[in-house]
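Just so it is clear, the model here is predicted, and its values are computed rather than measured.
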Amino acid sequence: MSRDEEKTVEQLNDEADIAADYLEGLLDIADYEGDIEMGVRNGRPTVQIVADDDEDIRNLIGHKGEVVDALQLLTRLAVQQKTGDRSRLILDVDGYLKKRRQHLRDLALDVIDEVRETGDPANLDPMNSFERKVVHDLVREEGLKSRSHGEEPHRYVTIYVKPRPAEDELDDDDDLEDDERTNVSRETIDDDERLDEEISESEDDREDSAYDDEVDDDER
């Protein structure tokens with residue numbers, strides 16, 4: 001199935017069911033107690049783990065969401081093994097992504113104000129693709145520009161007022177995760193949307209030999 005071909009609600013629900021079964025198995029292995037909530041939102045299957053114990057929740061989230069990111073990647077691969085199609089499933093733990101998004105928006109707004117005042121570009125700390133997507137969307141809403149640079153896990157966002165020289169833009173890879181597509185000027189977020197899929201493809205290659213959209217603001 002091509003990345004632009006939309007899946008049916010039934011297919012998305014099937015992906016959520018497969019993901020829930022996979023995650024239940026992982027929770028049993030880890031001896032964690034919790035509930036798994038499933039659904040479909042904005043054309044993507046969603047699964048949320050609601051753990052009963054605060055320590056379990058912290059362990060499932062990890063430092064800056066590293067465990068959530070890893071679990072999402074593993075779960076997407078598990079779904080792909082069953083269906084044969086790449087999954088755009090979103091995994092959350094106890095509402096972490098919503099809280100993280102709000103924190104990122106507050107941080108980005110402070111930097112946007114600084115860039116407006118000084119006119120100078122400002123670099124943010126390295127972020128994962130979900131975090132960069134949140135920043136890119138907000139920057140676009142505020143009428144400024146942004147661009148991603150570097151390689152994972154050190155890829156970061158620059159916020160600026162004036163468009164950068166064309167030759168600089170040509171140097172940037174056009175790698176975007178498979179999130180929502182619009183005809184709006186997308187140079188600021190396209191890098192990160194394909195990058196997540198490229199990371200997943202890299203993991204799939206390792207899986208074949210032996211063994212990560214954004215997302216818009218409402219998807220998580």
Residue pair Leu60, Ile49: steps toward the side-chain contact (heavy atoms from CB on, under 4.5 Å) verdict: CA-CA 9 Å; Leu60 289 170; Ile49 301 174; 3.9 Å; yes

Holding to side chain to side chain donor-acceptor pair (under 3.5 Å), I want the full list of residues that pass it with [X], two or more places apart in sequence or in another chain.
X      : value
Glu24  : none
Glu37  : none
Thr118 : none
Asp106 : Gln102

Residues that Ala30 engages under side chain to side chain contact (heavy atoms under 4.5 Å, CB included), provided they are two or more places apart: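 Scan of Ala30 (side chain to side chain contact (heavy atoms under 4.5 Å, CB included), adjacent residues dropped) gives Tyr32.
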
Listed partners of Asp35 passing side chain to side chain contact (heavy atoms under 4.5 Å, CB included), at least two apart: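 Once residues adjacent in sequence are excluded, Asp35 has no partner under the side chain to side chain contact (heavy atoms under 4.5 Å, CB included) criterion.
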
Sub-4.5 Å side-chain heavy-atom contact between [X] and [Y]:
X      : Y      : answer
Asp120 : Val161 : no
Glu131 : Leu107 : no
Glu117 : Val115 : no
Leu124 : Ile159 : yes

Value rounded to 0.5 Å, distance of [atom1] in [X] from [atom2] in [Y]:
X      : Y      : atom1 : atom2 : answer
Leu91  : Thr75  : CG    : OG1   : 5.5 Å
Leu89  : Gln72  : CG    : CD    : 6.5 Å
Arg100 : Leu97  : CZ    : CG    : 10.0 Å
Asn13  : Thr8   : CG    : OG1   : 8.5 Å
Arg147 : Lys145 : CZ    : NZ    : 10.0 Å
Ser129 : Glu152 : OG    : CD    : 6.5 Å

Looking only at heavy atoms, which two atoms of [X] and [Y] are closest? And how far apart?
X      : Y      : answer
Arg101 : Val134 : CG-CG1, 3.7 Å
Met127 : Arg132 : O-NH1, 2.5 Å
Ser148 : His136 : OG-NE2, 2.9 Å

Which ILVMFWY residues can you reach from [X] by hopping between side chains whose heavy atoms are under 4.5 Å apart?
X      : value
Ile29  : none
Val9   : none
Tyr156 : none

From CA spacing to verdict: salt bridge (Lys or Arg N to Asp or Glu O under 4.0 Å), Glu141, Arg105: CA-CA 11 Å; Glu141 291 172 9; Arg105 288 178 65 88; 3.7 Å; yes

Under 3.5 Å donor-acceptor, [X] side chain and [Y] backbone:
X      : Y      : value
Thr158 : Ser146 : no
Asn128 : Phe130 : yes
Arg88  : Arg44  : no

Derivation of the side-chain contact (heavy atoms from CB on, under 4.5 Å) call for Asp92 and Val47: CA-CA 6 Å; Asp92 196 3; Val47 178; over 6 Å; no

Can you get from [X] to [Y] by hopping between Ile, Leu, Val, Met, Phe, Trp and Tyr side chains that sit under 4.5 Å apart?
X     : Y     : answer
Val40 : Ile90 : no
Val50 : Met38 : no
Val79 : Leu12 : no

When the side chains of residues 14-22 are checked against the rest of the protein, which donor-acceptor pairs come out under 3.5 Å, sequence neighbours left out?
from	atom 1	to	atom 2	distance (Å)
Glu15	OE1	Ser87	OG	2.9
Glu15	OE2	Lys7	NZ	2.4

Under the salt bridge (Lys or Arg N to Asp or Glu O under 4.0 Å) test, residues paired with Glu142 that sit two or more places apart: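 Glu142: salt bridge (Lys or Arg N to Asp or Glu O under 4.0 Å) contacts with Arg116.
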
Residue pairs, two or more places apart or on separate chains, that pass salt bridge (Lys or Arg N to Asp or Glu O under 4.0 Å) and touch residues 25-34: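 Listed once each, the pairs would be none.
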
Under-4.0 Å salt bridge between Asp137 and Lys133: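 Result for this pair is yes, salt bridge flagged.
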
